[in-house]
Each structure stands twice: as structure tokens, then as C-alpha cells.
2 protein chains.
Amino acid sequence: MTASGNRGTTTAAEELRAAGLRVTAARVAILDTVRAGDHLGVDAIAEGARERVGHVSLQAVYEALHAMTGKGIVRRIEPAGSPARFEGRVGDNHHHLVCRSCGAVADVDCAVGNSPCLEPISDAGFLVDEADVTFWGLCPACREAAPPRQTAG
Amino acid sequence: MTASGNRGTTTAAEELRAAGLRVTAARVAILDTVRAGDHLGVDAIAEGARERVGHVSLQAVYEALHAMTGKGIVRRIEPAGSPARFEGRVGDNHHHLVCRSCGAVADVDCAVGNSPCLEPISDAGFLVDEADVTFWGLCPACREAAPPRQTAG
DNA sequence: TTCGTTCTCTTGAATCATTCATGTTTGAGG
DNA sequence: CCTCAAACATGAATGATTCAAGAGAACGAA
């Protein structure tokens, strides 16, 4: 295990270099933070990066995340009504569960085989390249805090 | 045919009253605009409402749309990276096609039967009540303007 | 019809995420 | 070591949305 939070196949530095991005302390820290975190927002990523390498400006974080998203080494999700979040899981076609109450995000594997959701019945002439599925509901914790009416009566 | 743009079953005034909202000129105009339009944004709705009844403040539009969304008589969609849009089609479980280039939005009926997408494989303990599916791609117009590489080579 | 309560509307200011602008620093090849 | 584009920092700007407080209007009750 390396010192840079390598969790899986490649180190952050290798990923960056392979993507044609320069390997800077800030970007390594940002990518490590995204990978170690769980659907973090920009502020949380900035904080995590700072814990690793001292000072990193918020703009550098935005810039880096934009570049990494463009290269496909991080994925950006943006549930309606909340700021953008980023995750390190890319390549697989997974979707998300979002809690209406606390905003928590959890991954869900794509249900129907490979890409069921990737093909709308009628595409209205659109050239579709991605399906973005978000399931809305209450997370376990919020379910308990505000039980809907499951067995009441 | 009434004078209020009734398109289907009920008039805007009736819908508002049935939902427990007061019937004001502004709200009737806003609801009519949303129903007549095609996934309009807040500004466009405000303009449309003004064309019908003179002056309507932007805040009144936000307030009204919020109330109507809460009552389920309009639906709010918010494709990642763009401001909120509203539509009058509610009750059916339809999804959306969004153009990456121009932002155009088109409806798609839910493919798999009633609510295929409504049940994630693993719900991670979440109490899911809605599935929000967005298909990303290029609309016919943008496809032509910037042909990807369909038969190139 | 008149009255009163409460919802709705207006004006104006504030918030928050994100982007733009500009100058400085630095990674990486030559 | 040198050069230059990529990346970074600081600071300001933008744009959608929300908050605040008082004026106005809808609707049920009297």
C-alpha cells in the first residue's frame, strides 16, 4: 500500500499522468480525497485536499475537478436542488439513491443487465449517450427520524 | 373552449382551487403558461404570465411554482448544470431527454411497463418514492450542426 | 354585503455555488 | 538548466434562488 491512498488499481499520480494532466501535489490530493470520500461536495474536497497538502484554493479545486471530469477520471453528479458532488467510481454504469431529507447519496448498480436504462423507448431523434438515474427517498437514518406511516393506524 | 387556455380536463382555476390554493390572476396565468409551454424556465414563465395578466413579480412566480410543485399540479425538473424548468404533465411517470448542446428538453414515456425504473436492485435501506431518469445526448438540430462521427472513416 | 383572517404579491436585499480575470508559480520535456 | 504551457492564487462578478417585511386580495363567516 502506498502512502497516497491508492485504493484499487492505480495511484492518483499515475491516473493523472495517464489522462494527460500534470501531476501536482494539489491534484493528487484532490483525486485521493475524491476517491477516499463518498460523493463529496467541492468544499469537502477542498478541505480534504488541504489536510493532505496544506493550502489549496477553492478555484484550483474547481479547475481540477473540471479537468478530471472531462478526462473521465472522476464523475460529477448533481442531484436537483443541491450543489455538485464528485465520486471516483467511473466506467461502470451505476446510479444513485438520494435522501430527500439529509441529502445523503448512495450508489446503486444498474438494475436491468448492462444498459437497460440507456435506451429510452422513443428517443425523439436524440442521439443518446448516457442515462442518468436518480432514486429519491429517505435514507435509513431519516426514515427512522420521521417514519412516514408504514404501520400506523 | 374557455378563455384560459384549458388544455385537457380541468381549467387552471379549478386545479388551483382543488389543490387548496387561492385562485389569483397571477397563478392562473402562471399555470396556464406552464401548461401551454414546453419545459419552461422561471424567467420564461414570468414573461408568459405577464403577457396574460400584466405585471407579475419574479418572486410571485417562484412562490407560485413552489406551491404548485408541492401540491403536485406542476412538476419541476432540473437537469444538471441548468436552472429549473417546469412542466404541466404530472401523474404519469415520464422521463426526459436533454440536449447537451442546446439544453432542449423532450419527454419520453417510461419504457419498462409501469415503474421498472422505480425499483433499484438494491435500495440500501432507502425508502424510494421516485425515480428520476434523464437521458443525455444531442437533439436532432444539434446532431446536424455538429455530426459526431456516425459514418466517418 | 361586510369583515377578518390568512394567503399571496411586491420591492429590495442577501445568499450560495460557480465562473471569470489576471498575474504568478511550477511541472516536464528539450 | 531553460522554456512554456498548464496549473495555481487572489479577488471580483454572475446568476439562480431565497429571505424579509409590509401592502393587497381571496374566501369563508357573520
Side-chain angles (χ1 to χ4, degrees), chain A residues 4 11-33 39-47 49-50 52-71 73-74 76-86 103 105, chain B residues 4 11-31 33 39-50 52-71 73-74 76-86 103 105:
Chain A
S4 53
T11 66
E14 286 169 348
E15 282 266 318
L16 289 169
R17 202 181 308 276
L21 299 174
R22 286 188 182 168
V23 179
T24 68
R27 294 195 168 189
V28 168
I30 289 166
L31 184 49
D32 280 338
T33 301
H39 307 101
L40 301 178
V42 175
D43 284 338
I45 294 169
E47 280 184 38
R50 286 179 194 127
R52 292 164 196 257
V53 295
H55 180 94
V56 180
S57 75
L58 194 58
Q59 280 60 25
V61 177
Y62 272 103
E63 243 277 310
L65 290 171
H66 186 87
M68 293 182 206
T69 302
K71 297 295 185 178
I73 60 183
V74 303
R76 173 186 169 126
I77 64 173
E78 191 182 329
S82 70
R85 290 162 175 275
F86 295 82
V105 179
Chain B
S4 54
T11 66
E14 286 168 349
E15 284 265 317
L16 289 169
R17 202 182 308 275
L21 299 174
R22 288 189 181 166
V23 179
T24 67
R27 295 196 166 189
V28 168
I30 289 167
L31 183 48
T33 301
H39 308 99
L40 301 178
V42 175
D43 284 338
I45 294 169
E47 279 184 38
R50 286 177 195 128
R52 292 164 196 256
V53 295
H55 181 94
V56 179
S57 75
L58 194 57
Q59 280 60 25
V61 176
Y62 272 104
E63 244 278 310
L65 290 171
H66 186 87
M68 292 182 206
T69 302
K71 298 295 185 177
I73 60 181
V74 303
R76 173 187 170 127
I77 64 173
E78 191 182 329
S82 70
R85 290 162 175 273
F86 295 82
V105 179

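Below, read A as the first sequence line, B as the second, and so on, with proteins coming before strands; counting in each chain starts at 1.
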Which nucleotide, C:dA17, C:dC9, D:dA16, lies nearest any side-chain atom of B:Tyr62? D:dA16

Which of the following nucleotides, D:dC8, C:dT10, D:dT17, is nearest to the side chain of B:Val56? C:dT10

Non-hydrogen side-chain atoms of B:Met68 and B:Arg27 separated by less than 4.5 Å: yes

Within a strict 4.5 Å, meaning less than it, do heavy atoms of the B:Arg76 and B:Leu65 side chains meet? no

What are the two closest heavy atoms between [X] and [Y], and how far apart are they?
X	Y	result
B:His39	B:Ile77	CD2-CD1, 3.9 Å
B:Ile30	B:Ala49	CG1-CB, 3.9 Å
B:Arg50	B:Ser57	NH2-C, 4.1 Å

Provide, to the nearest angstrom, the distance between the [atom1] atom belonging to [X] and the [atom2] atom belonging to [N].
X	N	atom1	atom2	value
B:Leu58	D:dT18	CG	C1'	11 Å
A:Glu78	C:dC16	CD	C1'	13 Å
A:Glu63	C:dA21	CD	C1'	13 Å
A:Leu65	C:dA17	CG	C1'	13 Å
B:Ile45	C:dC9	CD1	P	14 Å
A:His66	C:dC20	NE2	P	9 Å

Which part of the nucleic acid, if any, lies within contact of B:Ala67, taking any heavy atom under 4.0 Å across all strands shown: a base, the sugar-phosphate backbone alone, or nothing? nothing

Quickly, which of A:Thr33, A:Thr11, A:Val23 forms a side-chain contact (heavy atoms from CB on, under 4.5 Å) with A:Val28? Name it, please. A:Val23

Is B:Arg27 near enough to C:dC7 that one of its side-chain N or O atoms lies under 4.0 angstrom from OP1 or OP2? no

C:dT11, OP1 or OP2 - any side-chain N/O from B:His55 closer than 4.0 Å? yes

On DNA chain D, compare the nucleotides closest to A:Ala60 and B:Pro83; which residue's is nearer the 5' end? A:Ala60

To the nearest 0.5 angstrom, please state how far the CG atom of A:Leu31 sits from the CZ atom of A:Phe86. 12.5 Å

B/S/- contact track for nucleotides 19-30 of chain D, protein heavy atom under 4.0 Å: B-----BBS---

